[in-house]
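Read through the structure below, which is laid out as structure tokens, and then see the notes.
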Protein chains: 4
Amino acid sequence: MVVDLNADLGEGAGHDEAILEYISSANIACGWHAGDADTMRQCVRWALARGVAIGAHPSYPDRQYFGRTEMTLPPDSVYTSVLYQIGALQAIARGEGTRLHHVKPHGALYNQAAHDPLLAEAIVAAVQAADPALRLVGLAGSELVQHARAAGLVALDEAFVDRRYRADGTLVPRSAAGALIEDEAEALAQALQLVNGSVTSIDEQHIAIHADTLCLHGDSPYAVTFARLIHSQLLRHGITVSAT
Amino acid sequence: MVVDLNADLGEGAGHDEAILEYISSANIACGWHAGDADTMRQCVRWALARGVAIGAHPSYPDRQYFGRTEMTLPPDSVYTSVLYQIGALQAIARGEGTRLHHVKPHGALYNQAAHDPLLAEAIVAAVQAADPALRLVGLAGSELVQHARAAGLVALDEAFVDRRYRADGTLVPRSAAGALIEDEAEALAQALQLVNGSVTSIDEQHIAIHADTLCLHGDSPYAVTFARLIHSQLLRHGITVSAT
Amino acid sequence: MVVDLNADLGEGAGHDEAILEYISSANIACGWHAGDADTMRQCVRWALARGVAIGAHPSYPDRQYFGRTEMTLPPDSVYTSVLYQIGALQAIARGEGTRLHHVKPHGALYNQAAHDPLLAEAIVAAVQAADPALRLVGLAGSELVQHARAAGLVALDEAFVDRRYRADGTLVPRSAAGALIEDEAEALAQALQLVNGSVTSIDEQHIAIHADTLCLHGDSPYAVTFARLIHSQLLRHGITVSAT
Amino acid sequence: MVVDLNADLGEGAGHDEAILEYISSANIACGWHAGDADTMRQCVRWALARGVAIGAHPSYPDRQYFGRTEMTLPPDSVYTSVLYQIGALQAIARGEGTRLHHVKPHGALYNQAAHDPLLAEAIVAAVQAADPALRLVGLAGSELVQHARAAGLVALDEAFVDRRYRADGTLVPRSAAGALIEDEAEALAQALQLVNGSVTSIDEQHIAIHADTLCLHGDSPYAVTFARLIHSQLLRHGITVSAT
């Protein structure tokens, strides 16, 4: 069995290099919600040195609120915005002698594209324009991954080890009680469950879910410790951690 | 005889489409001093429709002062900054089925790179990393074009039809009296002189200058009228206007 | 009879100084959707020289899309954002020996606050914190002006001479057919009607509307000509143009 | 004996609240190199709750490089930029029922203003326009504090406990060997020396220096531990820590 572990980099967390030891895919912020051209190159170099797959992590133009503000943009502007950010990282990767492996939208853009078909299409079109070989990472089962596949892209279903799910397979919103799994053992158990194709919803239902990649949130002070734990436990359970 | 006419686009002047009728190369702002992903795509489309060569116009990160503020950045940051901007426009061009022809730095970056070898090298390295087939446009005879050629890039010497020159071939600074040629007939005469390899300096010396491309400033309200005039007069004198 | 004529300034239209001849209130962009500290000071000086009332024109943080993108921000962030922008202009006005007269939110912030009570309250609280003597300009009859009055602020009902109204007193959205009045004579007729307390809706109903201030859009190339016309026609009809 | 301890806040260090326990003056970033309207309010509240004097920490417009890039701006633009940032924080402070105590320029602006009289004058003029009762903090003995005093402002001479000095009283540049004092005991010894009006230069000379306020750098992971140490040792030596 194989699973990908991904984390967001270049967002100022201060432990990018450490967390790279335990992941197989890095999503690098492209300057619109965090990061800049220098941090992008630094992250590319660090990932390259460890054989970690390099991806773009494009966002709405929202440094002030870290790309978490919901916006209503014309799909054409979403297309150009995403393409701009991918292109910027592609060039920086080329300068380091490598190329991008995937794209994962950030924050509000990710969330809105999970259920808004016009937004999903705009992102898919941008990824195709940038490079049709790029994988597109989205919420498992979402509009985004469905549109990506319909358009011929390889899409990766993403699941979260530290977020609780509802019985319909969507995430419990961050603002709701019990949204986050703060206990490590519980998060670890969910990781193993997800790799095996299911998850227990917040109302205790056993639901099916397909996960190509698991997201490790990188902004907590315990992110590195937790990444190390998840990584070692997956290996112990005979699961290979690798980008697909 | 052939000369290239270039102008800066996507900077909010309001007559980008009109001026494209009279130029052979467009330098498109990449969002750091002006423009955004939408204007970049719009300019690419307009240029493409008229067969005008498309170039990136990267800048220091300075929207507030339109990229005209002198900055002291480490060469590494200049390298990543320029590469970021070229990459963004490359991807947008790819989305329109075309590719970039050249790169021309903007404002203070252009001016400082004309005489600062470390800055020149950083820009040259970024252009090479992005695409070694890209032409690099710089002040005629400057450090920038010299470094570009030494590194194996095709560099284009740029001259100005509406700026006065000093006897050493450098421009009279904007802040000095007589820096700008405001009379159309005089600018036209200088254009014809430049195409023929010389210019009359502000102190009335006849000096040699090589110009591959002439810059038409686009931010005046008379820019379009003036572009039309220069273009038609060059044709009348048997000179071909074309990107090289 | 008295009416205020207002226009948005410092947004790069290029005719700020000219339009100031015909208005009684200037809404100055504060750098978040357009403008910067220099243009703010320039606009304050120009307005001051003509006795035009000076106001802040705060926006969402959205230079890329000129403050026209709808956002979902916590009310607390709207409060701090609006207060920040008012404070910046207050200080610049103080430096010129004058003070602010009013605040008018810009773009998507203005539109969303017209019907969102939490947003309206956040803006009202920011204006009160900045200076309780400031007038708050909002869409005539909107949540914003109602909340302002309930909180003890002087609120000004704003109406539009070049936008069509629906029978319920709201504006026909820009995206709908017939939203804009492009004929000058018609806009002028609507201005005179508005001053007299009514407007003819798009479905030809005669509805009551109270207007303390009329907005002259400043971003069209005909803005100055139109401002001159409205101004002179109002005077001819015995109406005084003055800030209240 | 009395000395002020100051630190920069709202710059994303993650321990603002903790460090406030040990300082008497807080310099709050105003959004141009770091921070935003929300962090500004949060810092004002935290400082207010602990009786720490609140100051503005204005910067060049340079989020990308944290305000550390040297720029060449017209003095008029420096004046409006500084005034804009002070005004923004003044309004936010007013909203919390308090007012500003001082202004301390950040990064490259601080360093360039230490020896550039035109820049110093521009900053002094902005502080006076904002509120002539504001103290202006600058490098001890610099052009900035001299111009401030000549103009009638109260200026505070700032010294650094963790930077080495040259025999002429200027700082050893960060890029030079031995610029930083990394040993805590040594930094503490320098703090006590500075309070007593002298410092030992890098070439072992004993020089006189007047320090009204000591800067505690806040961006190291050890900043809080170090602040606690300096604070307690100053008290132990009978020195009062208080804003002036």
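So you know, we letter chains A, B, ... as the sequences are listed, proteins then strands, and number each from 1. The basis for the numbers below is simple: all heavy atoms, side chains too, and nothing from hydrogens, waters or symmetry mates.
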Problem - chain D contacts, top residue of C30(C), P61(C), S77(C) (heavy-atom pairs, under 4.5 Å) - result: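 Going by pairs under 4.5 Å, I would pick S77(C).
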Practice task
Give the member of A129(C), A88(C), P74(C) that has the highest number of heavy-atom pairs under 4.5 Å with chain D.
Solution key: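 Maximum pair count with chain D is reached by A88(C).
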Exercise for the section: Taking atom CZ of R50(D) as the centre, report whether more than 12 heavy atoms of other residues, nucleotides or ligands fall under 6.0 Å from it. Expected result: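 Yes, enclosed.
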Exercise for the section: Give a yes or no on whether R99(D) atom CZ has more than 12 heavy-atom contacts from other residues, nucleotides or ligands under 6.0 Å away. Expected result: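 No, the 6.0 Å shell around CZ holds no more than 12 heavy atoms from other groups.
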Practice task
Taking the side chain as every heavy atom from C-beta outward, state whether R41(C) and L83(D) have any atom pair closer than 4.5 Å.
Solution key: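 Sidechains of L83(D) and R41(C): no contact.
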Exercise for the section: Check each atom of I86(D) against the heavy atoms of chain C and say whether the ones under 4.5 Å are side chain, backbone, both or neither. Expected result: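 When you check distances to chain C, no heavy atom of I86(D) falls under 4.5 Å.
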Problem - Interface moiety of D76(D) toward chain C, non-hydrogen atoms closer than 4.5 Å - result: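 Both the backbone and the side chain of D76(D) come within 4.5 Å of chain C.
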Exercise for the section: Look only at the side chain of Y84(D) and the backbone of D38(C), and say whether a donor-acceptor pair between them is shorter than 3.5 Å. Expected result: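 No, Y84(D) side chain to D38(C) backbone: no donor-acceptor pair under 3.5 Å.
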Handout entry: Smallest separation among heavy atoms of G87(D) and A91(C), with atom names
Key =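 Shortest heavy-atom separation between G87(D) and A91(C) comes out as CA-CB, 3.5 Å.
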